[in-house]
Amino acid sequence: MEIDDETINSTGEEEDKKKPIVAILVGAPGSGKSTFCDHVMRVSTRPWVRVCQDTIGNGKPGTKAQCLALSNTSLKEGKSILIDRCNLDKEQRSDFINLKNSHKVDIHAIVLDLPAKLCISRSVKRTGHEGNLQGGKAAAVVNRMLQKKESPKINEGFTRITFCYNENDVQSAMDMYGSLSSVNTLPGGCFGEKKTDSKVQVGIMKFLKRVDPPSKVTSDKTDKTDKTDETTPGPSNDGEEEKVPFENGIPTLGFPSISTADFQFNIEKASEIIVEKVEEFVNKIGNGRLVLVDLSHGSKILSLVKSKAAKKNIDPKKFFTFVGDITKLQSQGRLNCNVIANAANWRLKPGGGGVNAAIFDAAGPDLDTATKKQAGSLSPGTSITVPLPSTSPLFSKEGVTHVIHVLGPNMNPKRPNCLKDDYQKGCKVLRDAYTSLFENFASIVTIQEKISDSDGDVGTERNKKFKGFTEESESKKVNKEWGSWAQALYKIAMHPEKHGNGVIEILDDVVVLNDVYPKAQKHVLVVARAEGVDRLSDVREEHLPILRTMHAVGMKWAETFLKENESLIFRLGYHSEPSMRQLHLHVISQDFDSKHLKNKKHWNSFNSPFFRDSVDVMQEVSEDGKPKLNDDEKFMSMELRCNRCRSAHPNIPRLKSHIAICKSPFPDHLLQNGRLLHASTKL
DNA sequence: GTTCTAGAAC
DNA sequence: GTTCTAGAAC
C-alpha cells in the first residue's frame, strides 16, 4: 500500500489539512497494536499521542473514560491520537468515533486481523512462561475476545478503514501511517479487506459473513437520465447515492458486458441475454451478487439491462449495474468485488485494448502467469476461473481474489472466428458464456460458504441451494489412482478371513475392524464389501441399502462401546475423500484421545466439513441421488479448533491438552439429527 | 494411511 | 537447544 499523492486531501482548505486523525486500532491481544503505535510514533513527523488503556493508569490498566479524557485533551492540542485497546466490537468503538462530534477530525480504523494462533502465541510470550496453564489461559482470553469481534464498517462513522491479515499488511500500514506529516492524510474508504484467502485464516470468514445486504443500491425502476460526471464511479442509477458505502464482505462478481464492445454483438439482444441469465442465476449464488459494470454513464447496455431487470423484478440487492472502472471498483467506487470477469480473447493474452488490456494491466504479470497455468486458450461460450495471487495489485488494492476469463461470440469481421450475422449461433454462444461465468462464480461462493459454515455454524439450508453446482465442478476431478498402501481395506473387504488384522465382525455386506491407528479411544471402521464403491464420490442411489446397513452396524458397535463406557460420545461418518480404497464408515468416539492423532490433517479430517455425517449422507443420497462432498484441500489446513467450544489453538499439542479438559457442550448442529450418539440417548 | 526428516518456529 | 510442521517416500 502506498500513499497516492493525487488523492491526498484535495479539498485544499488550510484548516482541513491540519485535521488530526483519530486512529482506532482494532485487534485481539497479541495482534500487534502496541508495536504498531510505537512504530508510527517513532517515524511519523505528525504529532501523535498513544491512548493505551493497558497503561493509562500510571502505567497500569485504566478505564475507557480515562482513555476518552486523554483523547479529548490531545485533540484540543491539535495532536492526532492512536487508540490502543482492542476495540473489537462496534459498541467499544462508538465513543471514540463520536469524538468527531466535538472535534474536527478524521476517524480511521486499522484492523489487525492476524491469525488467532499468532495472537495466542504472542500473548503467551508476553504473560511469561509459567508452564502449560499460562498458554491455556492466553488462548482462552484471545478466543473469548475474538468471539466478540465485529468487522468495522464505514457506516459506523469511519473515514478510512485499513485491514491487515498478515505481517506484510501490518508493515505496509505502519509505513503508511509512519509516513504521514502533520499536513498530509490518507484517502478515505475501505482498504485491503478480503474474504477469500481462507487458507491463510479461515476464522475471518465468519467475521466477514455477518454483513447486512446492501441497503441503498437499487437498479432504478424509472428511466432517469444520467447526468453525473463520467469520471465519478458509482451505482449507475443515481449520483446522490455515491456517498453511500457499499456493504463489503458479500461475495460479488463484477462483470462487463460480453461481446458488445469489440466483438460488435447487437446490444439489444445482448441486454436481453444478460437479464435472462441473471434471472436464472441470481438465486443460485447463495448470498452472492452480480454487478454489471461499464466505464461510462452514457452506456446504452447499462440502461437497457437496468430497465429489463426492473421489468422482471430482479432483486436489486442481488443484481445491479455500476458505472466505473472494473479494475478500480474498490478504490474508486468503494464497491468490493472479490471476483471480476474479464472479456478475454481466445488466446488469453494480455493487451488488445478494452477490458482485457485494463485487467491484465492492473493485475500485473501475476495474472498472466496464473492464467497460463490454467489454460492456453479459451473457446467461445466458455470461461475459466483464475485465482489471483495475493502479490497482484488487483488483489491487494482492490480485494479481487479471482478473475474469471470469459469468451463470448464474435460478430466483428476483423477478428477471428467471426459469426458474421448468424445471431442464432451468436445468441447461443453468448448464453453459454454467461452460464459458464455465473456457474464459475457460484462455485467460488459455494467454497467460501462451506468454509465459513465450517467455522462454527452449519448452514444446511444455504447448502441446499447449491445443489448441482459443486458437484459438477467436483466431479470433473480425475479419479486418483490408489497407492499400494491404500489397498489394505479393499483386501480385507474382499477376503476378511485372509487379511483378518483387527477384524471384529464379518457379515455378508460389511466387515468391521478396529482402525489400526485409532484417532480416539474407540475408533472402528465399517467397510462395505461390494466391489466398485471405492469412496464416497462413487455412492449413488442404488447404494442406499448398503449405506443403511453400514449405519446400522456402526450404531450397534457404538452402543456396545457405550455399554462398556458411558462417558463416550460417538459420531458416525465418512471422509469426503478417503486415503484408503473401499468405502468405509468411521465410528469414532469424540474424545480424540489417541497418540495416533498427530497432525492437522488427522484433526481436520474428523472435525471439519470434510467429515460427512452418516445421517446426512443417507439423506442426501435418498433425496438427491448422491452425497455432497467437501473435499477441498482447504479443509485440511484450517485453523485447529476445539470440537466442543470451537476455540482456536496454535498447534496440535496445545489443542490436545485443551480437548482433554474442555467440557463445553458440542456445537448446535452436531446435537441435531442424531449426529452424536450418547449413552443417555440410548438408555 | 504412516514414517522420516529438514528446517521453521519457538 | 527443543518442539512442531509439512513434504517426500513408501
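Lettering of chains follows the sequences in order, A, B, ..., and the numbering in each one begins at 1.
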Looking at residues at least two apart in the chain, or sitting in another chain, which of them share a side chain to side chain contact (heavy atoms under 4.5 Å, CB included) with A:Arg581? A:Trp482, A:Gln487, A:Tyr490, A:Glu531, A:Asp534

Please identify each residue that fulfils salt bridge (charged side-chain N to carboxylate O under 4.0 Å, His left out) with A:Lys598, with sequence neighbours left out. none

Let me have the donor-acceptor pairs involving side chains of residues 509-522 of chain A, under 3.5 Å, with sequence neighbours excluded, atom names and distances please.
from: A:Asp515; atom 1: OD1; to: A:Tyr517; atom 2: N; distance (Å): 2.8
from: A:Lys519; atom 1: NZ; to: A:Tyr517; atom 2: O; distance (Å): 2.7

Base, sugar-phosphate alone, or nothing: which one does A:Leu489 contact when heavy atoms must sit under 4.0 Å apart? nothing

Check salt bridge (charged side-chain N to carboxylate O under 4.0 Å, His left out) between A:Arg50 and all other residues, then give those that pass, not counting sequence neighbours. A:Asp38, A:Asp84

Mark up nucleotides 1-6 of chain B, 5' to 3', with B wherever a protein heavy atom is under 4.0 angstrom from a base atom, S wherever such an atom reaches only the sugar-phosphate, and - elsewhere. BSS---

Can you sort out the partners of A:Glu167 under salt bridge (charged side-chain N to carboxylate O under 4.0 Å, His left out), two or more places apart, ordered by chain and number? A:Arg122

